[in-house]
Amino acid sequence: MDKLVLIDGNSIAFRAFYALPLLTNSSGTYTNAAYGFTMMLMKVLEEEKPSRVLVAFDAGRTTFRHDQYKAYKGTRDKTPGELSEQLPLIKEVLDAFGVRHFELEQYEADDIIGTLAKLGDRNGIPVTIVTGDKDLLQLVTDYVTLLMTRKGVTDAERFDRQAIGDKYGLRPDQIVDLKGLMGDSSDNIPGIPGVGEKTALKLLHQFETVEGVLDHIPDLPGKKLKERVEEHQEQARLSKELATIYCEVPLDFSLEDLIYEGYDPVQVAPVFKQLEFKTLLERIQKDVPQEKVEVKTISSPTVTGDNTSEWESLFEEEELSLFVEKTAPNYHRADVLGVALSDGKRQVYIPLAVARDWRAFKDWLADPEKKKIAYDAKGTSIALSRHGLDSACYGFDVLLASYLINASESGHELSDIVERKLDGFLPDDDSVYGKGAKRKQLEGEELAAHLARKANALVALKPVLADELESYQLDALFYELEMPVTRVLAEMEWHGVKVDEERLRALGDELQERLDELTETIHDLAGTPFNINSPKQLGEILYDKLGLPVLKKTKTGYSTSADVLEKLAPQHEIVEQILHYRQVGKLISTYVEGLLKEMTETGKIHTRFQQAITATGRLSSTDPNLQNIPVRLEEGRRIRQVFVPSEADWVIVSADYSQIELRVLAHLSQDEGLMEAFRTDMDVHTKTAMDVFGVKESDVTSLMRRHAKAVNFGIVYGISDYGLSQNLNISRKEAAAFIQRYFDSYPGVKRYMDEIVQQAKKEGYVSTMLNRRRYLPDINSRHFNRRSFAERTAMNTPIQGSAADIIKQAMVHMQQALKEDGLDSRLLLQVHDELIFEAPRDEVDALSARVVDVMEGAVELSVPLKVDVNVGKTWYEAK
DNA sequence: GAGGTCACG
DNA sequence: ACGTACGTGACCTCT
């Protein structure tokens with residue numbers, strides 16, 4: 001059916017701009033109005049299914065109406081630059097959709113819309129007008145309806161004659177009369193002073209039009225009203241005229257030119273990509289025709305007498321991609337759905353059952369000479385191992401390469417990388433398998449096509465990524481550090497960590513008992529039972545019921561965080577109990593129950609070390625996170641008692657770097673004082689206290705040391721007086737004075753901090769010792785907040801990131817060393833500045849000596865690296 | 001799914 | 001004047 005949609009471009013853009021936060025894409029362009037507009041456009045196209053579309057815009061600041069009335073729209077603020085600069089983006093979007101847009105000097109969008117609405121009406125074509133402007137209601141007829149934006153961006157209310165009648169008791173053509181009487185402050189149309197919507201409606205119900213009202217002035221109720229109308233007759237006529245949409249705009253196109261036959265996702269996708277409309281891109285992506293991939297499948301369940309032999313020549317290739325599809329992200333638990341290989345020209349899907357029985361494939365897979373291109377080599381090799389398939393020689397990990405090229409990039413899914421690096425489309429897993437409850441298992445050709453496509457993508461990506469790594473001098477970091485680290489981590493994860501389940505359960509019972517007591521005490525003190533875990537309910541109890549002073553608020557209500565509660569503790573005994581409750585509750589839910597959930601039948605826990613997550617180069621650990629097992633408080637530290645060696649008569653050995661970040665800072669800054677502290681192996685916080693407070697070592701008090709320590713942390717984090725004052729609970733002024741004195745004492749550090757920020761502003765990124773990069777797009781931002789954050793990041797990242805480089809290097813060397821020395825000891829965990837091993841008791845001395853050598857010698861700095869080793873029967877005792 | 005809170009380095 | 005310390009992950013509640 002024929003249908004014309006007319007969109008009021010400026011009105012919708014305006015609406016979107018104020019409905020959404022001021023978003024920018026990574027190049028700093030504002031995109032919120034364009035984004036909201038596009039959402040609205042897509043919704044309208046989908047729901048109205050128009051056969052013709054036009055988007056009308058206002059042109060320039062003056063129109064023919066200004067000739068009649070100089071002050072027209074005179075009270076309106078200038079359109080903010082952040083909005084007007086988005087109008088060209090919106091027009092780009094429209095061009096990509098193949099939707100016509102139009103603007104004409106001296107006319108407003110309303111007039112263009114009015115002219116076309118009339119045209120549609122006369123030709124019997126149904127018209128829908130989309131706007132946020134009530135004025136356009138005057139255009140409604142039997143054929144013309146109007147969608148008026150309501151809350152947010154895409155929520156709209158439909159008006160036809162009936163709806164206008166219901167709401168105002170008026171015909172559409174009387175809307176101009178309404179404006180004529182009551183005026184419109186947003187357009188600076190005066191109307192009759194003292195006449196608002198109520199009076200105007202009452203008058204129109206009786207006299208129909210402005211003219212009708214003016215003809216019956218003596219009949220109007222009230223003396224005041226009579227006077228006002230009498231006095232402002234001309235103004236009312238002018239106001240009506242100004243509000244009347246002009247429907248005779250000269251147009252140089254016809255309805256035929258507005259034909260819309262749907263959009264081509266291939267045209268739209270690049271524009272969405274440039275604007276970084278990720279969700280919208282995903283939405284259209286499923287409609288993008290996929291590049292044809294010729295897929296061959298080996299469908300036979302057995303090898304003998306089947307088609308596998310046709311494929312064996314593949315294994316003569318120098319390099320193949322290997323893609324393994326899993327049923328879930330956690331490869332320690334997930335099953336393998338299938339395997340796919342590609343050499344770029346041929347691609348093949350191998351069902352798991354076939355793969356397991358196929359000699360030639362297994363030989364290739366385990367061949368240490370046959371290089372594989374993979375996505376997530378670690379997950380791939382572990383998933384295969386779990387199904388009895390040994391794999392070796394992962395030469396190129398697409399995931400790690402993408403991560404090194406830009407760690408801050410939002411997505412490192414294969415489909416994201418294909419999109420970024422190949423300007424291509426790979427349907428992501430959610431669109432192929434479905435999301436959430438709709439997720440389905442694919443089979444046969446469909447699965448084969450999807451996996452083969454991914455294997456192909458790996459081959460296509462490798463040269464592109466390899467070139468990019470080289471051009472940023474990331475190739476050494478990639479091939480000599482990150483790829484080897486992946487192999488080390490794979491072994492650590494695969495082996496897992498043994499947990500004493502019985503002890504964990506006993507600890508859990510004990511903690512639960514404690515928690516029950518605390519719950520009872522707290523409810524008694526509050527005088528009523530409530531959910532202590534709910535910050536909302538807790539806030540009501542503390543602040544409303546018990547009347548404690550509100551020191552800090554959050555976006556949604558009262559703050560009940562520990563730093564606030566600690567300040568409130570002296571005022572009411574319930575506070576201390578709550579703090580303890582929180583502590584114990586955390587231990588039970590996260591550590592006791594959390595760890596029990598992750599235990600396997602063999603009594604082990606297999607975490608996943610994420611190697612492509614952090615912006616600084618650190619690892620992270622998930623399912624469970626074994627990098628945040630409690631240590632600071634004794635009650636929590638006992639959790640470490642359950643981490644035990646996996647073999648009898650073995651022990652846990654922990655080796656940690658002492659002050660690695662400050663040593664890295666000494667090296668990077670070449671500050672004489674700081675280097676001196678480490679060369680003489682002093683307690684660095686004491687040394688800082690001596691320098692900052694100007695006292696002898698023997699006169700450093702524990703408070704002075706504590707403050708000096710906080711300043712040292714602050715320096716590493718990219719210091720601000722505010723942050724330090726919060727941490728130390730002192731005034732900002734005092735904090736600023738500390739910082740000043742620190743910089744006076746360590747001028748080299750000050751110089752380094754200034755230089756690194758300058759460098760970041762100039763280059764747009766900072767680097768670590770091993771050349772790892774982090775881009776800082778906000779470093780030159782006009783927003784104080786974003787810029788400050790970027791500046792602190794510029795100071796922190798080289799420090800945190802270089803420390804990450806160093807321990808990764810040590811891990812690779814250590815794995816090598818264990819092998820060379822013929823030791824059975826095993827690396828289990830890495831916790832940023834420490835390595836945890838399990839070792840046969842009789843290897844402890846050899847291991848300890850070796851690990852100190854390796855870790856201290858991982859890289860050469862201007863100051864020594866120092867490692868402390870501890871041994872115990874459990875992780876708890878290895879301290 | 002977001003926000004608040006808290007565990008670690 | 002502006003308002004946060006840097007980097008993570010997990011659990012809970014509530015919409």
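As a basis for the values below, the full set of heavy atoms in this structure was taken, side chains included, without hydrogen atoms, waters or symmetry mates. Just so you know, these numbers come straight off a predicted model, no measurement behind them. Chain identifiers are assigned alphabetically (A, B, ...) following the order of the sequence lines, protein sequences preceding nucleic acid strands; residue numbering begins at 1 within each chain.
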Look at all strands and tell whether [X] reaches a base, only sugar-phosphate, or nothing, counting heavy atoms closer than 4.0 Å.
X         : value
Arg637(A) : nothing
Ala710(A) : base
Ser720(A) : base
Val831(A) : sugar-phosphate
Gly718(A) : nothing
Ala562(A) : sugar-phosphate
Thr560(A) : sugar-phosphate
Gln800(A) : base

- Set of residues satisfying salt bridge (Lys or Arg N to Asp or Glu O under 4.0 Å) with respect to Glu482(A), sequence neighbours excluded: Arg772(A), Lys808(A)

- Message: With a 4.0 Å limit, can you tell me whether Thr556(A) has a side-chain N or O closer than that to the phosphate oxygens OP1/OP2 of dG4(B)?
- Response: yes

- Is DNA chain C part of any stem, that is, at least 3 consecutive Watson-Crick or G-U pairs with both distances under 3.5 Å, and where? B:1-9 with C:6-14

- Message: Work out how far the P atom of dC6(B) is from that of dA1(C), and round it to whole angstrom.
- Response: 33 Å

- Item | Between dT4(C) and dT5(B) - P atom distance, rounded Å | 14 Å

- Would you please test Thr616(A) and Gln800(A) for side-chain hydrogen bond (donor to acceptor under 3.5 Å, both in side chains) and show each step? CA-CA 7 Å; Thr616(A) 56; Gln800(A) 189 183 121; 2.8 Å; yes

Applying side chain to side chain donor-acceptor pair (under 3.5 Å), can you list everything that pairs with [X], at least two apart in sequence or on another chain?
X         : result
Ser559(A) : Ser561(A)
Asn727(A) : none
Ser589(A) : none
Thr622(A) : Gln610(A)

- Applying side chain to side chain contact (heavy atoms under 4.5 Å, CB included) to Gln659(A) and not counting sequence neighbours gives Leu662(A), Arg663(A), Phe678(A), Val684(A), His685(A)

- Message: Please enumerate all residues that pass side chain to side chain contact (heavy atoms under 4.5 Å, CB included) together with Pro624(A), with sequence neighbours excluded.
- Response: Leu595(A), Glu598(A), Ile605(A), Thr607(A), Leu626(A)

- Return the residues of residues 612-633 of chain A meeting this criterion: a heavy atom under 4.0 Å from some atom of DNA chain B. Order them by number, or give none. Arg618(A), Gln627(A), Asn628(A), Ile629(A), Pro630(A), Val631(A), Arg632(A)

- Are the side chains of Leu511(A) and Glu635(A) in touch, meaning some heavy atoms are under 4.5 Å apart? yes

- Item | Span of DNA chain C in contact with chain A (heavy atoms, under 4.0 Å) | dC2(C) to dC14(C)

- Scan residues 617-643 of chain A for pairs that pass ring pair (Phe, Tyr, Trp, His ring centres under 6.0 Å), counting only residues two or more places apart or in two chains. Phe643(A)-Trp875(A)

- Only counting residues at least two apart or in another chain, list the ones meeting ring-ring contact (aromatic ring centres under 6.0 Å, His included) with Phe784(A). none

